[in-house]
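Just below is one structure, and these are the notes that go with it.
The chains referred to below are lettered A, B, ... by the order of the sequence lines, with proteins before strands, and numbering in each begins at 1.
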Amino acid sequence: MSPPRDEAELLTRARQLAGLTLHELSVRISQPLPPDPRRAKGWIGIAVEKALGAQGASRAVPDFPDLGVELKTLPVDRRGRPRESTFVCTVDLSEIGDMEWHESRVCRKLSRVLWVPVESELGVPFPARRVGQPLLWSPSHEEQDELRFDWEELSGMIARGELDRVTGHLGKSLQVRPKAANSRARRRYHDDTGVAHRTLPRGFYLRPSFTERLLTGTFFVTDGV
DNA sequence: GATTGATCATGT
DNA sequence: ACATGATCAATC
């Protein structure tokens, strides 16, 4: 599958995936379904990448480098509400001190995102789960302000060497949580006074309440009734 | 039931 | 080790 030439082609391809079951998706990309989905947490994301013609899944660039578009699959329940937070990027412990929001990895990563919801309902077997309608998104001014507010609070604490006081409780829309192979993993960093620390690697995540709003659009109230 | 901290797999 | 792709599962 060649990469899409422009956003329109990408969106057309994504819309053609809507309604497919994961089994049908696996046939389309000639990639077997994982025998134990609990041990293949990234399977859906990589499968959708393949189906859309994304480039290498393991490189530190957007999924569609020429378009500057990032792909995110989003597990949703039957009402279309996100069931999980969304990983954005790792917390950069080396250069977080002197960084402006607009040049941050969080801001750049979220500047253009193709969201692909995927059914993730307890009662529905993995092969029968369906791909949903995609949304090509950039943050509104309001969303940008929200994310920036949280990012400045969190990155400010980290720069002051207070990372071990940063828990998942902080941040209305954006939070910091562990992102590591296990809880024993450690990574070194220097705060803005040059003091060295070793700490559990962390990542920035979007809360489900944030992704829920962007899926439906902030101008519509959704109460499930 | 929602949320936070922990974890799984693969590629460079 | 660290990046990619996230979900699992203990706890609140």
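- Here A:Ala180 lies in heavy-atom contact (under 4.0 Å) with a base.
- A salt bridge does not link A:Arg130 with A:Glu119: every distance from a Lys NZ or Arg NE/NH1/NH2 to an Asp or Glu carboxylate oxygen is 4.0 Å or more.
- Among the heavy atoms of the strands lying under 4.0 Å from A:Gly42 is at least one base atom, whether or not backbone atoms are also near.
- Between B:dA6, C:dA6, C:dT7, one nucleotide has an atom nearer to the side chain of A:Phe87 than all others, and that is C:dA6.
- Remark: the backbone N or O of A:Pro82 is not paired with any side-chain donor or acceptor of A:Glu212 at under 3.5 angstrom.
- Applying the ring pair (Phe, Tyr, Trp, His ring centres under 6.0 Å) rule to A:Phe87 yields the partners A:Tyr205; only residues at least two apart in sequence or on another chain are considered.
- A:Tyr205 comes within contact range of at least one nucleobase, with a heavy-atom separation under 4.0 Å.
- Straight-line distance from the CG atom of A:Leu93 to the P atom of C:dA1: 15 Å, rounded to whole Å.
- Counting any heavy atom pair closer than 4.0 Å across all strands shown, A:Pro201 reaches no nucleic acid atom.
- Position along DNA chain C of the nearest nucleotide to A:Lys109 versus A:Pro37 favours A:Lys109 as the more 5'-ward residue.
- Both A:Asn182 and A:Gln175 lie near DNA chain B, and the one whose nearest nucleotide falls closer to the 5' end is A:Gln175.
- When the side chains of ILVMFWY residues are joined at heavy-atom separations under 4.5 Å, either directly or via intervening members, A:Trp151 and A:Leu206 end up in a single hydrophobic cluster.
- Only one option out of A:Leu71, A:Val69, A:Asp63 pairs with A:Leu10 in a side-chain contact (heavy atoms from CB on, under 4.5 Å); it is A:Val69.
- One atom, CZ of A:Phe204, and another, C1' of C:dG5, lie 19 Å apart when rounded to the nearest Å.
- Rounded to whole Å, the distance from CH2 on A:Trp43 to P on C:dT7 is 13 Å.
- Rounded to whole Å, atom C1' of B:dT3 lies 15 Å from atom CG of A:Leu206.
- We find that CZ of A:Phe126 is positioned 12 Å from P of C:dA6, with the value rounded to whole Å.
- Formation of a donor-acceptor pair under 3.5 Å by the A:Arg207 side chain with backbone atoms of A:Ser173 is not found in this model.
- Closest approach to the A:Lys41 side chain among B:dT4, B:dA9, C:dC8 is made by C:dC8 (side chain taken as heavy atoms from C-beta onward).
- For the pair A:Arg186 CZ and B:dG5 P, the interatomic distance rounds to 14 Å; values are reported in whole Å.
- Distances shown here put a side-chain N or O of A:Arg207 below 4.0 Å from the OP1 or OP2 atom of B:dT4.
- Considering only the side chain of A:Thr73, C:dA6 comes nearest among C:dC2, B:dT4, C:dA6.
- Counting any heavy atom pair closer than 4.0 Å across all strands shown, A:Ile44 reaches no nucleic acid atom.
- Two residues, A:Arg177 and A:Ala40, neighbour DNA chain B, and the one matched to the more 5' nucleotide by heavy-atom proximity is A:Arg177.
- The residue A:Ser120 sits apart from the nucleic acid: no heavy atom pair falls under 4.0 Å.
- Here the side chain of A:Arg105 is nearest to one of C:dG5, C:dT4, C:dC2, namely C:dT4.
- Using a 4.0 Å cut-off between charged nitrogen and carboxylate oxygen, A:Glu146 and A:Arg213 count as a salt-bridge pair.
- Ring orientation note: the planes of A:Tyr189 and A:His197 are close to parallel, at an angle under 30° on the 30°/60° scale.
- Contact check, A:Ser183 against B:dT7: a side-chain N or O comes under 4.0 Å of OP1 or OP2.
- The phosphate of B:dT4 (OP1 or OP2) has no side-chain N or O of A:Ser85 nearer than 4.0 angstrom.
- With rounding to whole Å, A:Arg202 atom CZ is found 17 Å from C:dA1 atom P.
- Residues A:Trp101 and A:Gln144 have side chains that bring a donor and an acceptor to within less than 3.5 angstrom of each other.
- Residue A:Arg39 is classed as a sugar-phosphate contact, given heavy-atom separations below 4.0 Å to backbone atoms only.
- Which of C:dA6, C:dA3, C:dT7 sits closest to the side chain of A:Glu84 comes down to C:dT7.
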Close N or O pairs between protein and nucleotides 10-12 of chain C (under 3.5 Å):
none

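- Across the protein-nucleic acid pair, A:Gln31 atom CD and B:dT10 atom P stand 11 Å apart, rounded to whole Å.
- Note on A:Arg83: every side-chain N or O is 4.0 Å or more away from OP1 and OP2 of C:dA9.
- Direction change of the helix axis from one end of the helix from B:dG1-C:dC12 to B:dT12-C:dA1 to the other is 30°, with five pairs defining each end axis (rounded to 10°).
- Of the candidate nucleotides C:dA9, B:dG5, C:dG5, C:dA9 has the atom lying nearest to any side-chain atom of A:Arg38.
- A donor-acceptor pair is defined here as one N or O able to donate and one able to accept, closer than 3.5 Å; such a pair exists between the side chain of A:Glu121 and the backbone of A:Arg78.
- For A:Ser104 and A:Arg148, the side-chain atoms include no donor-acceptor pair closer than 3.5 Å.
- A salt bridge links A:Glu9 with A:Arg13: the closest approach of a Lys/Arg side-chain nitrogen to an acidic carboxylate oxygen falls below 4.0 angstrom.
- For a distance-only test at 3.5 Å, the side chain of A:Lys179 fails to qualify as a donor-acceptor partner of the base of B:dG5.
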